[in-house]
Amino acid sequence: MTTPAAGGPGRSVGPAGAPEVCAVVLAAGEGTRLRPLTARLPKALCPVGNVPLLDRALARLAGLGLAGPARVAVNACYLGDQVVAHVGDRAHLSVEPGAPLGTAGGVGNLRDWIAGRGVLVGNADAYLADPAAGPGPDVAALLAGWDGETVRLLGQPADDPAAPGTFSGHRFTGFSLLPWRLVRGLTAEPGDLVRAVWRPAEAAGALTVVPYAGTFYDTGTPADYLAANLHAAGGGNLVDPTASVTGRCREAVVGAGATVRGEVTRSVLWPGAEVAAGEHLTGVVRVAGGLTVAAEPR
């Protein structure tokens with residue numbers, strides 16, 4: 001049972017008086033920079049280390065104690081049927097008709113479901129890994145001691161602290177914590193959280209950046225997608241048990257049912273992909289059916 005908090009009309013608090021929090025995973029985008037990979041698979045379902053990005057996001061939330069359709073929502077639009085089928089009953093699903101609503105519109109479309117709670121918003125395409133803390137505990141500082149009134153962003157120091165898109169000299173690393181007082185004004189109209197929530201909160205002195213100590217890739221480009229996969233492989237090979245490898249792999253991620261008869265170096269093979277004898281792949285993503293996408297300079 002939740003009750004309105006005295007500090008904010010309609011805001012829900014937990015039994016210990018802390019602000020109640022739900023989570024939204026944003027998985028509606030088209031992933032245009034990853035085309036042609038995302039012509040077949042929504043970016044949220046692209047595998048990193050043989051695990052779909054969306055599953056990584058849901059596991060991170062579960063590590064914070066946020067799981068199930070009452071606590072976690074996933075939005076979908078582009079190739080949304082695939083996202084819906086993949087999520088199943090693990091989360092509340094918000095399917096956006098037509099074009100994606102953007103980060104602010106996606107959250108606004110879930111306003112009735114959020115219903116007075118603070119909301120932890122995560123980008124499905126964010127790859128995070130901290131050797132000192134597992135998924136969930138690695139971002140727990142975002143929630144620690146939160147008063148339910150301010151905006152918090154997860155971030156890392158930017159190479160250029162004054163560059164556009166930075167916050168207090170940090171680049172955003174995929175997760176933000178939003179208070180209900182700001183979420184309740186969002187609508188199901190196209191828009192982004194940067195303009196609708198983050199910058200106004202920053203201007204009002206109500207935004208804090210929480211540093212992330214681990215590794216982050218947004219996986220939005222083939223190069224970053226490959227880098228995230230190679231990081232997940234830990235400098236070696238990551239081969240699904242159902243793959244067949246009679247050739248040679250060096251720093252490779254090989255998906256379920258893939259076949260390697262040739263050589264694969266610093267590359268990713270999606271499930272069912274094949275590398276023929278005498279073929280040598282370097283710095284690419286190979287998909288079943290032969291599609292090969294260059295992912296790093298050769």
Side-chain angles (χ1 to χ4, degrees), residues 21-64 66-115 117-128 135-136 139 172-178 183 186-194 196-197 217-221 224-225 228 255 270-271 287:
V21 174
C22 60
V24 171
V25 180
L26 298 173
E30 296 185 25
T32 54
R33 293 179 297 160
L34 268 183
R35 287 187 179 274
L37 296 174
T38 48
R40 331 179 153 206
L41 199 64
K43 182 165 60 171
L45 299 188
C46 290
V48 170
N50 289 334
V51 178
L53 281 161
L54 180 54
D55 288 354
R56 289 181 173 273
L58 293 174
R60 177 160 279 105
L61 295 176
L64 291 169
L66 298 170
R71 302 292 303 279
V72 178
V74 175
N75 75 336
C77 185
Y78 174 71
L79 298 180
D81 289 349
Q82 293 187 40
V83 174
V84 169
H86 188 82
V87 172
D89 62 1
R90 292 183 293 164
H92 176 80
L93 284 156
S94 173
V95 180
E96 300 168 7
L101 292 171
T103 55
V107 174
N109 198 41
L110 281 159
R111 187 175 55 183
D112 290 345
W113 175 84
I114 295 168
R117 296 176 289 184
V119 57
L120 179 62
V121 181
N123 293 343
D125 61 356
Y127 171 82
L128 300 165
V139 300
F172 174 60
T173 56
F175 280 80
S176 64
L177 183 60
L178 311 180
V183 170
L186 298 178
T187 63
E189 299 293 329
D192 64 80
L193 288 173
V194 176
V197 177
Y217 292 101
D218 73 1
T219 72
T221 66
D224 282 342
Y225 175 72
W270 278 16
V287 178

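Only a predicted model underlies this, so the values are computations on that prediction, with no experimental measurement involved.
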Which atom pair, heavy atoms only, marks the closest approach of [X] to [Y]?
X      : Y      : result
Cys46  : Thr38  : SG-CG2, 4.3 Å
Gly108 : Leu186 : CA-CB, 3.8 Å
Leu26  : Asn75  : CA-OD1, 3.1 Å
Ala27  : Val83  : O-CG2, 4.2 Å
Phe175 : Leu61  : CE2-CD2, 4.2 Å
Thr219 : Ala228 : CG2-CB, 3.8 Å

Inset, instruction - Only counting residues at least two apart or in another chain, list the ones meeting side chain to side chain contact (heavy atoms under 4.5 Å, CB included) with Cys77. - result: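 Ala28, Glu96, Pro100.
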
Inset, instruction - Say whether, by atom type as modelled, one donor and one acceptor occur between the side chain of Arg117 and the main chain of Ile114 under 3.5 angstrom. - result: yes

Inset, instruction - Output yes when a side-chain donor or acceptor of Tyr225 lies under 3.5 Å from a complementary backbone atom of Tyr217, and no otherwise. - result: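 A pair under 3.5 Å: no.
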
So, taking the atom named [atom1] in [X] and the one named [atom2] in [Y], what distance separates them when rounded to the nearest 0.5 Å?
X      : Y      : atom1 : atom2 : answer
Asp224 : Thr221 : CG    : OG1   : 3.5 Å
Ser176 : Leu193 : OG    : CG    : 6.0 Å
Tyr78  : Leu41  : OH    : CG    : 9.0 Å

Inset, instruction - Could you list all the salt bridge (charged side-chain N to carboxylate O under 4.0 Å, His left out) pairs where at least one residue sits in residues 37-63, not counting sequence neighbours? - result: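 Applying salt bridge (charged side-chain N to carboxylate O under 4.0 Å, His left out) to every pair that reaches into residues 37-63, excluding sequence neighbours, yields Lys43-Asp125, Asp55-Arg90, Arg60-Asp138.
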
Going by heavy atoms in the side chains, are [X] and [Y] under 4.5 Å from each other?
X      : Y      : answer
Leu37  : Trp270 : yes
Leu177 : Val21  : yes
Asp218 : Asn123 : no
Leu45  : Gln82  : yes
Leu120 : Leu66  : yes

Inset, instruction - Might you work through the side-chain hydrogen bond (donor to acceptor under 3.5 Å, both in side chains) test for Ser94 and Asn109, ending with a clear yes or no? - result: CA-CA 8 Å; Ser94 173; Asn109 198 41; 3.1 Å; yes

Inset, instruction - Name the orientation class of the two ring planes belonging to Trp113 and His92 (parallel below 30°, tilted from 30 to 60°, perpendicular beyond 60°). - result: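 Ring orientation, 0 to 90° scale: parallel.
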
